[in-house]
Student: 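Starting off with a structure, shown below.
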Amino acid sequence: MKNEIEDKIEREESEPPGLAVKVSGHLRKLAKKSKEIEREFFKSEDEDLEDGYTDPLIEDEYEKVPGLIWKYPKRVLILMTKKCASYCRFCTRRRRVEEIKNSCLAKKQMEDICKFLETKSEISEVVVSGGDPLAEEKELIYFINQLKKIKSIKIIRIHTRVPVSNPDQISQKFYESIAKIKKQAVYVSVHFEHPDELTKKTIEVIRKLRQAGAIMLSQSVFLKGINDSFEILEELFTKLTFIGVRPYYLYRCDPVAGAKHFLVDFEKERQIATRLKAELSGIACPTYVIDAPRGSGKVPVALGFWGKCAKKLIDFEGKTIEFE
Ligand code: SF4
């Protein structure tokens, strides 16, 4: 008899790609009281899979070893798993995230990545992402224990949403494994979108990660109907700094197929970001960036302090890019 996972794979092979609905009990409870959290995680009729890009950041072209994306000279991105604790409807990697069997890198693949990194001494920073690597805690612990043995790696960065999407899922073992990393700086970047996500459980996870020695950062995306207001973002970033999380990046939503209804008017974003910069403490204000079209990397958006903003960017390789 086929199990549920096999049925799902079969369905995915015969139907157009679409992000599964997976929402933890923790978020379901929050969504009953917060329409913004409901909009973040529950499917709506606005999802249009025909409009937008499937891989807006062109990550797949930079995959050097299975799971390893090497685009910038000194750091690599590792897409460790396709799984997440819950799926965000606006996900840029919705082409990759899915609840399928064997979605996590196998131990052998992790070891191959480590062998590759050992031959590239210029790479000093590893960003472990997914999916959500903390959704596969046991595998993540194994992986970081391998990565920390590589002498040239000085920074291990973990990108996760589990502290928001299912805080109960994180075990003591994970905090202990972070605390045991002595030779690298460990950064944990948590994806936050709205102040309603800052529950007691989430704040407790942040406290434990800090206690284990992790340097805490946050990332957020401008999302229509969720956080496209100065007041909401000001509250979110202020509260994050109060609990020891440094707001790091605020992104413009990528024009990804199925998520374009989350795109906020660009000029509105710029005005909000300008006011945030003017009114927030420097340590509470993230850098507002656009992931430039077709894989040209993150570019900080010129804020209102310098007059008119041209819709032309110069990317990390010096190419001039125009965007909509
Ligand atoms: S947790 Fe991250 S990778 Fe997973 S669905 Fe949300 S945005 Fe995408």
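Atoms within a ligand are numbered from 1 in the order they appear, just like the ligands themselves. Below, all heavy atoms of this structure are taken into account, side chains as well, without hydrogens, waters or symmetry copies. Position 1 is the first residue of the sequence; numbering continues from there. Every value quoted in this text rests on a predicted model; they were computed, and no experiment measured them.
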Student: Run the ring-ring contact (aromatic ring centres under 6.0 Å, His included) check on F90 and H191 step by step: do they pass?
Tutor: CA-CA 12 Å; F90 49 85; H191 183 156; 5.7 Å; yes
Student: Would you say C84 has an N, O or S atom lying under 2.8 Å from atom 4 (Fe) of ligand 1?
Tutor: yes
Student: Counting non-hydrogen protein atoms only, what is the nearest one to atom 8 (Fe) of ligand 1? Give residue, atom name and distance.
Tutor: C91 SG, 2.3 Å
Student: I'd like to check which ligand 1 atoms, numbered from 1 as shown, lie under 4.0 Å from a non-hydrogen atom of C88.
Tutor: 1 (S), 5 (S), 6 (Fe), 7 (S)
Student: Between F230 and R275, is there a cation-pi geometry (under 6.0 Å to ring centre, at most 45° from the normal)?
Tutor: yes
Student: Which atoms of ligand 1 sit under 4.0 Å from any heavy atom of G131?
Tutor: 3 (S)
Student: From atom 2 (Fe) of ligand 1, is the closest protein heavy-atom distance below 4.0 Å?
Tutor: no
Student: Does G130 come within less than 4.0 Å of ligand 1, judged by its heavy atoms?
Tutor: no
Student: Tell me, please, whether Y142 has K107 positioned over its six-membered ring: NZ or CZ under 6.0 Å from the ring centre and within 45 degrees of its axis?
Tutor: yes
Student: With under 30° as parallel and over 60° as perpendicular, where do the rings of F116 and W70 fit, or are they tilted in between?
Tutor: perpendicular
Student: Classify the ring geometry between Y288 and F266 as parallel (under 30°), tilted (30 to 60°) or perpendicular (over 60°).
Tutor: tilted
